[in-house]
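First the proteins, then the strands, lettered A, B, ... as listed; each starts at 1. Note: hydrogens, waters and symmetry copies are ignored here, and every other heavy atom, side chains too, is used.
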Amino acid sequence: MSEAIPGGFPLLSILIFLPVFGALAVAFVPKGRGDVARALGTAISASTLGLAVWLLIHFENGVGAMQFVEAHEWIPSLGVGYRLGVDGISVFLVALTTLMFPLALVASGHVTKRVKHYTIFMLLLEATVLGVFLANDLFLFFVFWEAMLVPMYFLIGYWGSAGRVRAAVKFFIFTAAGSAFLLAAIIGAGVIAGGDFSYAGIFGHDYTLWAQRLLFWAFTISFLVKVPTFPLHTWLPDAHTEAPTAGSVILAALLLKMGTYGLIRFSLPLFPRAAVEAVPVLLTLSVIGIIYAALVAIRQKDFKRLVAYTSVSHLGFITLGIFAITTTGLTGGVAQMINHGLTTGALFFLVGMLYERRHTRLIDDYGGIRRQVPILGGVFLFVVFASAGLPGLNGFIGEMLTLFGTIVVHRWWAITAAIGVILAAIYLLWMYQRLFLGPLDKPENEKMRDMTATDLVVLVPLMILMLVLGIYPKPMLERIEPSVHEVVVAVEAGTAGTDQAYVEPEQTSPSNPVAVVEAAEHAEAEQHAKEAAAESGGHAESGGHGDSAGSGSGHTEGGR
Amino acid sequence: MQILELFWLLPVVNIIACLLAFFFGKTVSRGKAQVWTLPAIAFSWVMSILGAVAVIGDSHLAHEGITKTYKWFEFGPDMFFQMGIHIDGFAVVMCLVVTTISMMVQIYSIGYMRGEPRYVEFYAVLAVFTAGMLILVTADNLFLGIFGWEIMGLTSYLLIGHYYEKRENSNAAIKAFITTKTGDVGLIIGAVVVYWATETFNFGAVNAKALEGEFHAPLLLVACIALFIGVIGKSAQFPLHTWLPDAMAGPTPVSALIHAATMVVAGVYLVARMWPTFVTAMNVHIANVNLIALIGAITAIIAALLALVQFDLKKVLAYSTVSQLGYMIFALGIGAWGAGVFHLFTHAFFKALLFLGAGSVIHSVHSNDMRDMGGLRRIMPRTYWTWIVGTLALCGVFPMAGFFSKDEILASAYHNGYKWVWAIGLAVAFLTAFYMFRATHLTFHKNYRGHGHPHESEGLITGPLIFLAIPSAIIGFIGAPGSFNLFEKWATPAAVEETIAKYPVLHPHPVDTTTFVLAGISVALALLGVLVATVVFYWEKTPGDIVERVAPIRYLHRFLANKYFLDHLYGGIVYGIRKPIADACYWFNQNVIDQVLNLTAAGTLELGKGTYLFDQNVLDGFYNGSAVGTDRIGGFFRKIQTGNIQQYAAVFFAAMALLALALVFAVR
């Protein structure tokens, strides 16, 4: 966290507060002029996009640490500061945020009631999401994390469809329950660390094993609710289904990423010993989520619910990459966060467009409409294939990296997860077939309008990004990689010399794969020997997880 | 500048052509999308011819090839993904096949697809398909190859479902995509394991490491099995072959290009390209049974049997393609690299010819069903005679192209110790002749049974047929056995030669009496097949209802007509996933997980209610009760509770002021 602010002006603060002041400005738009409010809101969020592009250009490549750091005192007596910074993990999420909000506002032409309030809430939501990704202080992070709930609650609860109130309450209860864990954990972490809530202070602290276990699970559960990971995912389909198009887009593209972001930012590096212990559980949940959500998606009749379940499945892939705790897997995970944001965001825009045309979410009410709406059909197919991970489009590289990163440490989990790829193709292509192919046999669909210029303005940038990131992911990967490598290094350092000692397995230089396999076998053998010794010695050492054996056992996780 | 160094242009020009056709096809060229794609494919074809000339002139170049790479993206300190081309004799041969067939198909389609819906998209997708195949065959590494491989999968999906208004067509498209995708999971896992074990995707480096024993043996076997699963999917091998016959739902030119000559041989190509690796992994040189030979042989025979009972002309050809792909695969599996690749080469020409011929017939009689055809020999002479050339080539009758390649495979099987494969190969040769002449008699001979008025197709359709008939007839001579075998001289990569040199079993067998006897046997069996087909379907010497009367034949027929019930099995599995399992998951989701969470929420709510009741009735009651006890005080308070807001405010502020004073004093 040593980088001074290039140019000397607080870019990150401006990024966060521009939408806030924009919301204030929108509040002064005269009543009844919703179009002006929306145009103003779009302009403001578009200018945050401009700032984010500037940020990307000046983001120093190959640096793992925080950049553009700002630090001011806020509540010094509690050790809480106003600290902002951005690194390779968050910079693309910030860019994605500033991209999706203007697009979502452009695509909100169908919102007719209380457009002004709608715009205000969207801008406030943007500010809070940016705040979550930019905060460098746990307390500040929590403030933004909680503040995000309010505009989202209203966006679902007021501008949603028929079941919106129930969905909004469900959304609120789930995430607020998660937040309770988070708040407790944040206070705990800060207090144990000596009353310092800055990332620097907290990351410097060495928590005891039991503190790690408690805090890790408190943090992680709250993030897993947000991701959402099986079995905490059931709020998501409801929220997605009932939210307005822009709400679904933001929810899928950004809010879910806050959970995975938290896992990378806090769960792994802060509590490495507890994290290494928990890996089998979390990987299992991820893989179950991938397969399970894909199976559930197959039988959905409502396309928004279907896309919602695809999110659960795809996010299982991301958490798989994260908890592989390899640089490759984590990079794949972060890349997939961006990719999923683009493709699923685009999918929600598209199903929103279908909904605006026919006002039904039931897949069976469509069929054969590609003849009527060829451009929409073509764009939809493009996005479907991006979501299915076709090479040449964005999803593929991230999936490959995740597999690469996982297979070296946890091969069966990786192979099982790969089956999810087939299921993804099945549910997506079936949905496409039922919506667009076959005979055009519903008379209501015969007058359907093809994509308008506005619709294309929303989708074309996303499609270009999908293609560019699919063919040339290098600029993204080389910025992500140094930062996630620091996470792995933190885990290695934090576990060194303990029972949970973790060494990242060699990803790419097993010119002697023999050595890797032998190391694995060796580790297994050692584990067996240790267990045998424990049994014969009469110690109940609970599988080597106890706190007693302080010396490094040499047992690596690399053998999984 | 070496011409081969420019081969990266081949996929690139076709991709550009696709984009131009897609964006300007309807406007600038007024629907004639071929004006964009034909120049690109013609350019690629000329480049391939020039490349072939260069390779023929320089045998060192043919073996070693040239490699041009640049870093695509890297990852960390030591993980590279490269984009690069490796062009040797083999790659040039593949480019020549792909561009020739693709060019002929694009010319043919001008006539065949005229007035069809989505003509422009059709050409755009054809161009990008060609680019995908060219990427695969020019790529120097597996990762880039997978890109080309998957582009083909996508375009195959789009083209099979070209007439998506009919539900069964889009079903066939999905089936093809999902089945090949199932294989692709194997391919991707294989690629990951290859990288893990050898830290490279480069075909040459992987082969070298495998040959030198630097590829950890268990991982090598796992990688090869996983890759081979991908091959099984893409090259329609048993048990994942069922998508290919359904893929005939696409327009016929597509079937000729994608489902006969190019995409389906991608798997064969991959095995051939990584042949040293596969040979080492599967112990081809030691065992006389291995996975590749077994799968190939099973595929060859079961598909040939299925072709016997088809009435759809295209499906006969589809099963024939599956069967011949099995031939190629087992050729590679028994160690006959040159023969297998040569069969790929010849088969591409004559099978494309047969498909395009079938398209010409179908275009003319407006039916796929051979029972609606017959007697077309006189009406469509050009189609008929080119068809006969293709059929004889497929049956392996001397001196057609198929004779040389098929005979070489069988002879190698005999010599390399795979006698059982040789026997199966002979049976398939007999069956091939039988079903092809059955189809020929039903379609072209006897009397016309249809209802329309068929006519010979236009020049744009028959032109490509005549063009393709020439290589189908004569190109076999370049692969004549022994020292005449120019094809192997030009096309064999250095790594393959090393492998052959390393394992004595794989050494080329001598040309002697045995060679001619073996060739005689296979040709005799093929002619026997022709004879039997003619007896049954031309002279009709067998009782017509033999299938119904003789129980074993009836059962066999039903077994074949139901395609060994494999589709029922897979359909059952997929339906099984879709209905019960997915339903069960959803039920579990809604009624268990969600209920648990809802109950937790409800429980919390109840707890809240309980707490509130406790608060209101117990705690508050306690307070109230104590208030009753202190009635006097209550009376005092009741006096103050006058409902006057100012009074409340005054009391409140007074209390606050007292509290503040107390605090100040306390702190002092």
Side-chain angles (χ1 to χ4, degrees), chain A residues 170 173-174 230-235 292 295-300 327-328 331 368 370-371 381 385 388 390-392 396-397 400-401 403-404 407-408 414-415 418-419 421-423 425-426 429-430 433 436-440 472-474 477-478 481 485 507-514 516-517, chain B residues 71-79 117 121 143 146-147 149-151 153-154 157-158 161 164-167 169-171 173-174 177-178 181-182 184-185 188-189 191-193 195-199 214-216 218-219 574 577-579 581-583 585-586 589-590 593-594 596-598 601 604:
Chain A
K170 198 169 181 180
I173 288 178
F174 266 78
F230 175 89
L232 302 170
H233 62 277
T234 58
W235 62 271
Y292 171 90
L295 287 172
V296 175
I298 284 174
R299 62 91 65 210
Q300 294 303 314
T327 309
T328 323
T331 310
R370 179 155 154 202
R371 243 200 135 88
L381 192 63
F385 275 111
L390 194 82
F396 179 70
I397 302 274
M400 277 298 266
L401 288 177
L403 279 181
F404 271 115
I407 205 162
V408 291
I415 289 170
I419 294 168
V421 176
I422 307 176
L423 293 174
I426 291 180
L429 289 180
W430 261 341
Q433 181 192 31
F436 285 93
L437 307 182
L440 181 65
Y472 196 60
K474 184 178 169 187
L477 297 181
E478 67 188 9
E481 200 253 330
H485 185 65
Q507 174 67 55
T508 53
S509 60
S511 44
N512 48 350
V514 190
V516 173
V517 174
Chain B
K71 206 182 284 175
W72 184 0
F73 55 96
E74 76 245 89
F75 194 77
D78 46 17
M79 196 166 178
E121 285 88 337
F143 193 74
I146 290 175
F147 268 67
W149 180 285
E150 295 281 337
I151 289 174
L154 165 71
Y157 166 83
L158 293 174
Y164 55 69
E165 285 84 356
K166 279 177 81 181
R167 180 67 73 182
N169 294 352
S170 60
N171 281 341
I174 290 182
F177 192 82
I178 301 290
K181 193 86 189 167
T182 308
D184 291 351
V185 170
I188 285 171
I189 290 175
V192 170
V193 175
Y195 193 87
W196 182 22
T198 62
E199 66 169 329
E214 287 176 20
F215 198 141
H216 185 52
L219 284 184
V574 172
I577 289 176
R578 183 163 58 165
K579 284 306 283 180
I581 299 179
D583 276 4
C585 279
Y586 191 58
N589 192 58
Q590 295 303 95
I593 298 183
D594 207 23
V596 168
L597 296 165
N598 278 344
T604 317

Return the [atom1] to [atom2] distance between [X] and [Y], rounded to the nearest 0.5 Å.
X	Y	atom1	atom2	answer
B/Tyr157	A/Leu381	OH	CG	5.5 Å
A/Gln433	B/Tyr164	CD	OH	13.0 Å
B/Tyr195	A/Ile407	OH	CD1	14.0 Å
B/Trp196	A/Leu403	CH2	CG	13.0 Å
A/Ile426	B/Ile178	CD1	CD1	4.5 Å
B/Lys181	A/Ile422	NZ	CD1	9.0 Å

Q | B/Phe147-A/Phe396 aromatic ring centre distance below 6.0 Å | A |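 Yes - the distance between ring centres of B/Phe147 and A/Phe396 falls below the 6.0 Å cut-off.
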
Q: Would you mind checking which part of B/Asp184 comes under 4.5 Å of any heavy atom in chain A, side chain (CB onward), backbone (N, CA, C, O), both or neither?
A: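 B/Asp184 has no heavy atom closer than 4.5 Å to chain A.
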
Q | Heavy-atom proximity to chain A below 4.5 Å, by part of B/Val192 | A |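 Looking at B/Val192, backbone and side chain both touch chain A.
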
Q. In terms of heavy-atom pairs under 4.5 Å, which option from A/Gly368, A/Gly392, A/Ala388 contacts chain B the most?
A.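 Highest number of pairs under 4.5 Å: A/Gly392.
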
Q.
On a heavy-atom basis, which atom in B/Ser170 and which in A/Leu437 lie closest, and how many Å separate them?
A.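 Reported closest heavy-atom pair: CB-CD1, 3.5 Å.
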
